[in-house]
2 protein chains.
Amino acid sequence: MATPLYQAKAEFFRTLGHPVRIRVLELLSERDHAVHELLAAIAVEPSNLSQQLAVLRRAGLVRQSREGGQVVYSVSVPEVRELLVVARRILVGVLDEQSALKQELTPGSAA
Amino acid sequence: MATPLYQAKAEFFRTLGHPVRIRVLELLSERDHAVHELLAAIAVEPSNLSQQLAVLRRAGLVRQSREGGQVVYSVSVPEVRELLVVARRILVGVLDEQSALKQELTPGSAA
DNA sequence: TCGTCACTTGCACACATCTTCAAGTGCAGT
DNA sequence: ACTGCACTTGAAGATGTGTGCAAGTGACGA
């Protein structure tokens with residue numbers, strides 16, 4: 001066990017820390033997608049998408065398979081969907097708190 | 001809403017993508033800790049810890065409060081604990097798969 | 001076999017993050 | 001007021017990531 005668990009965890013979260021990679025995981029957790037489909041949905045250069053897919057592959061989160069002329073990706077760990085849901089919940093909570101705080105400061109409240 | 005949700009999500013995950021920050025959140029999700037307590041548990045320079053705490057604060061995940069001579073931190077979003085649990089589950093799954101794959105390749109299996 | 005589509009890889013530059021040092025703030029005791 | 005502890009901040013150098021271009025691979029149809 002060369003890497004302690006908390007370091008593996010950090011690495012794992014870093015893997016998720018990129019907009020394109022998040023989008024890909026969101027799309028793949030709905031259904032499998034060929035690269036050109038992802039490409040149509042995400043608005044990023046092919047080479048860039050490919051790089052991000054490689055990152056996800058290395059992390060073991062997605063799986064690649066050739067089907068005729070195209071390459072199809074699928075999530076290899078179904079719980080990812082759950083993680084994204086929890087993350088959204090937290091995020092919404094945090095953003096709410098922040099905007100509430102902002103409202104507390106912004107208006108000309110002298111009371 | 002200048003930032004689309006998937007970008008905010010990516011940012012959020014990047015915030016978690018550091019060993020020290022993960023450790024801090026793990027410790028704080030058990031109970032509140034003063035900085036010197038974290039310092040005793042984590043093995044990192046004070047200034048470095050402070051930097052990482054600042055990152056967590058900016059992200060709205062932890063809260064700071066002065067108590068006498070010391071500064072106490074607490075998680076401001078309880079769901080973080082849940083997120084860490086799900087993350088561990090995924091991580092263990094992925095690592096299992098990877099080591100299984102390794103065993104499939106490593107031994108002198110000619111069959 | 002040739003061209004084309006679907007992807008991937010290597011590389012180089014720009015940009016962000018991490019780490020540490022040095023200096024600064026705030027509180028408590030003397 | 002002064003000293004010391006607890007912590008934070010700023011800044012700089014090293015390191016890591018992201019991006020786009022150019023080139024490469026593989027499958028398919030003409």
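These numbers come from a predicted model, not from an experiment.
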Checklist entry - Does the side chain of A:L39 come within less than 4.5 Å of A:P46's, by heavy atoms? => result yes

Checklist entry - Could you walk me through whether A:E11 and A:R58 pass the salt bridge (charged side-chain N to carboxylate O under 4.0 Å, His left out) check? => result CA-CA 12 Å; A:E11 229 167 280; A:R58 266 177 252 131; over 6 Å; no

Next on the checklist: Rounding to an integer number of Å, can you tell me how far A:H36 NE2 sits from D:dA27 P?
Outcome noted: 16 Å

Checklist entry - A:L16 has an atom CG; how far is it from atom P of D:dT17, in whole Å? => result 14 Å

Checklist entry - Of all heavy-atom pairs between B:H33 and B:E37, which one has the smallest distance, and what is that distance? => result CA-OE1, 3.2 Å

Checklist entry - What parts of residues 42-53 of chain B reach DNA chain C, counting only heavy atoms under 4.0 Å away? => result B:E45, B:S47, B:N48, B:Q51, B:Q52

Checklist entry - Does A:A59 offer a backbone N or O that forms a donor-acceptor pair with the side chain of A:T15 under 3.5 Å? => result no

Checklist outcome for this item: Residue pair A:V20/A:G69 against DNA chain D: nearer the 5' end by closest nucleotide is A:V20

Checklist entry - Rounding to a whole Å, what distance do you find between B:E11:CD and D:dT17:P? => result 17 Å

Item to check | Which residues share a side chain to side chain donor-acceptor pair (under 3.5 Å) with A:R88, sequence neighbours left out | outcome: none

Checklist entry - Starting at the 5' end of DNA chain D, which residue's closest nucleotide do you reach first, A:R66 or B:A34? => result B:A34

Checklist entry - For B:H18 and D:dT17, what is the distance between atoms NE2 and P respectively, to the nearest whole Å? => result 11 Å

Checklist entry - For B:R14 and D:dG18, is the shortest distance between a side-chain N/O and OP1 or OP2 below 4.0 Å? => result no

Item to check | Atom of B:R14, atom of B:R21 and distance for their closest heavy-atom approach | outcome: O-NH2, 3.3 Å

Checklist entry - Do B:E26 and A:K9 meet the salt-bridge criterion of a basic N to acidic O distance under 4.0 Å? => result yes

Next on the checklist: Is any side-chain heavy atom of A:V24 closer than 4.5 Å to one of A:Q52?
Outcome noted: no

Item to check | Whole-Å gap separating P (D:dT17) and CZ (B:F13) | outcome: 18 Å

Next on the checklist: What's B:Q64 touching, base or sugar-phosphate or nothing? Going by heavy atoms closer than 4.0 Å.
Outcome noted: sugar-phosphate

Item to check | Separation of D:dT19 P from A:L39 CG (nearest whole Å) | outcome: 14 Å

Checklist entry - From the 5' end of DNA chain C to its 3' end, which nucleotides mark the outer limits of contact with chain B, defined by a 4.0 Å heavy-atom distance cut-off (strictly under)? => result C:dT17 to C:dA28

Checklist entry - Can you check side-chain contact (heavy atoms from CB on, under 4.5 Å) on B:L83 and A:F13, steps first, answer last? => result CA-CA 11 Å; B:L83 192 80; A:F13 282 124; 4.2 Å; yes

